[in-house]
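Predicted, not measured: the structure shown is a model, and the values here were computed from it.
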Amino acid sequence: MPTVLSGRALAVAATATALLATALGTHAATADEAAAPVNKVLVIGIDGTVLDRVKVADAPNLNGLMAQGLTARSTLYANPMAATSSGPGWSTIATGVWPDKHGVKDNSFTGKNYTAYPDFLTRVENAKPALNTYAAADWEPITSTDQNGPIFSAKVDKRLSLKGDRDGYGSEDPKIAAAAAAELRDQNPDAAFVYLGEIDHAGHSSGAASQEYLNTIARVDKLIGQLLTAVQARPTYGQESWKILVTTDHGHTNAGGHGGSTIQERGTFVIAKGAGIPAGSVRGDVKLVDVAATALAHVGVAGPAIDGVPLDAPDDDPFDTLRPNLQACVDETGIPAATKGFTHTPPAGWSIDNSKMGTGGVTEWAGWAFATDEFWSQAQRDQWRELNVRSRDVFAVADSDEWDDKSHTGSYDSTLITPKWAVTGGSTRNLTFQTHYRHEAGQSAQVLVSYNGGTPAVVKNYTADAVARSESIALQVPAGATDVQVRFRYSGSNNWYWTVDNVKLG
């Protein structure tokens, strides 16, 4: 019969144990410490998958993950940054940086720069070589050296690469899923990536609007179920904290195909489940580069210099608070009527000075507006609007080119004004923001700063393209200053555009 101790006896025993541990120079672990879970991450890549088709397919595993976790739509770049094809897409997901850094613009892999920007599994190996990494794919460039890859380097502990036969991914995907399921269940991977390609094949052969595409999603969903079941069947699953992420490299047109700049081809998503992710949550500020950042953060690899941010990082951009207030198009004709994506009402504390603006023009762009990529980039395709990849969710945009498409008087001249921020005289503060600017003679884009309500002075003057740039401007605060206010002034006449996002004074 087991011995039962009273609460007092337990307390005395615990004290004695702690004293003994101290005497021996050891630490008696608390219950919380003893129960700390081991963090592990699984990223599942499903090529060429359209989120809206997943939602109506017989896909209980994918739809279950959405119900239990996060669903986030996202959009890709387009040319000339990169084509909406698999080489750039999977490179972006794996490295956590955009094509202007990893260098892959198409499936030739010409210009790849994986040495400077390695895949997230290689980063895990570099930072924590004791962790176990695994990658499996049946598109050779992902894990094989036979073609233009591998995207996942030879530093990864175990890589499985299967080459599609004449039956294509329909026969290879089940082999990949079976092998990966065995690895997940019976071995001890800490970070894993598994790729399945059959959905993309169905998109090319039958189109995303077809029943065959839905049938293929259903088949692949069963393979994803195998992977999820394998994770849960691990003998140590109860002592582990798994983060599961599912994503895709590009979308598909209804008729089939990708590589271009339509919103269907640029459409991607991230589905995520795990600690810190609310069930049934939906977000608009997530990007494909966040997959690698989230995986790295979950296994304790901190602070790599990549474009992505972990999913649990706070979104404190005031522009994003405007999403519930966004409107459908008024004058624009190329944007679907159901797409709500612009407003002229700034967030609390911000203002817009349109005292020098002409009258008339396209309503959506009459002075600084706040818009989403899905809305703004569809106003006019293939003019580099799709390259605004470092803005997230809702951003500020001044677009004299689109404004000019309807009759007006005067020219475009609008100024976006921040709140007044407290500063200390004699200090240095960094003004940071994301920007995307296309230049043409005849337009002007300036950042101006004023202290204590004084005359604004120019601290940045754009005279050349600044494509998808992260900007940082050091402000030397004059003695006696107690507040600073920043202005973004754009003027032009049927020129190009300027966007700013996530403006902060650090």
Side-chain angles (χ1 to χ4, degrees), residues 42-74 86 89 93 136-139 162 164 167-182 184-185 192-233 242-258 263-265 267-274 277-283 286 291 338:
L42 168 62
V43 178
I44 303 171
I46 46 177
D47 204 309
T49 305
V50 177
L51 181 61
D52 285 339
R53 301 299 277 162
V54 171
K55 290 183 174 182
V56 297
D58 180 15
N61 293 294
L62 285 168
N63 283 290
L65 286 173
M66 286 187 265
Q68 298 159 19
L70 165 72
T71 308
R73 294 181 186 272
S74 187
S86 290
I93 291 164
D138 49 9
W139 190 53
L162 295 180
D167 294 322
Y169 298 106
S171 61
E172 298 305 313
D173 274 8
K175 297 175 186 176
I176 288 289
L184 291 165
R185 181 185 62 247
F193 175 84
V194 179
Y195 165 96
L196 303 169
E198 188 185 358
I199 296 173
D200 182 60
H201 180 73
H204 283 292
S205 62
S206 303
S210 69
Q211 183 60 46
E212 178 54 31
Y213 190 80
L214 291 180
N215 295 343
T216 306
I217 291 174
R219 287 195 297 272
V220 171
D221 184 78
K222 292 179 181 178
L223 302 181
I224 291 172
Q226 290 182 26
L227 301 177
L228 300 179
T229 299
V231 168
Q232 295 166 7
W242 280 84
K243 191 153 282 184
I244 310 292
L245 299 104
V246 182
T247 191
T248 193
D249 56 334
H250 55 71
H252 260 287
T253 64
N254 283 343
H258 56 86
I263 207 71
Q264 292 79 20
E265 294 164 280
T268 61
F269 61 84
V270 176
I271 299 170
K273 175 189 174 185
I277 298 176
S281 55
V282 177
R283 285 171 56 179
V286 175
V291 171

Would you find a donor on one side and an acceptor on the other, under 3.5 Å apart, between the side chain of [X] and the backbone of [Y]?
X: Ser74; Y: Val286; result: yes
X: Thr49; Y: Thr248; result: no
X: Arg53; Y: Ala208; result: yes
X: Asp221; Y: Leu62; result: yes

Using 0.5 Å steps for rounding, measure from the [atom1] atom of [X] to the [atom2] atom of [Y].
X: Leu223; Y: Asp173; atom1: CG; atom2: CG; answer: 6.0 Å
X: Leu51; Y: Lys55; atom1: CG; atom2: NZ; answer: 4.5 Å
X: Phe269; Y: Ile46; atom1: CZ; atom2: CD1; answer: 4.0 Å
X: His252; Y: Asp47; atom1: NE2; atom2: CG; answer: 7.0 Å
X: Lys222; Y: Asn61; atom1: NZ; atom2: CG; answer: 10.0 Å
X: Ile44; Y: Leu227; atom1: CD1; atom2: CG; answer: 5.0 Å

Margin query: In terms of relative ring orientation, are His250 and His258 parallel, tilted or perpendicular, with 30° and 60° separating the classes?
Written below: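 Parallel.
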Checklist line | Pairwise side-chain contact, Asp138 with Lys175, heavy-atom cut-off 4.5 Å (strictly under) | finding: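 No. Closest side-chain heavy atoms not under 4.5 Å.
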Check: Do any pairs count as a side-chain hydrogen bond (donor to acceptor under 3.5 Å, both in side chains) and have a residue in residues 62-73, sequence neighbours left out, and if so which ones?
Finding: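 Qualifying pairs, neighbours excluded: Asp52-Arg73, Gln68-Lys273.
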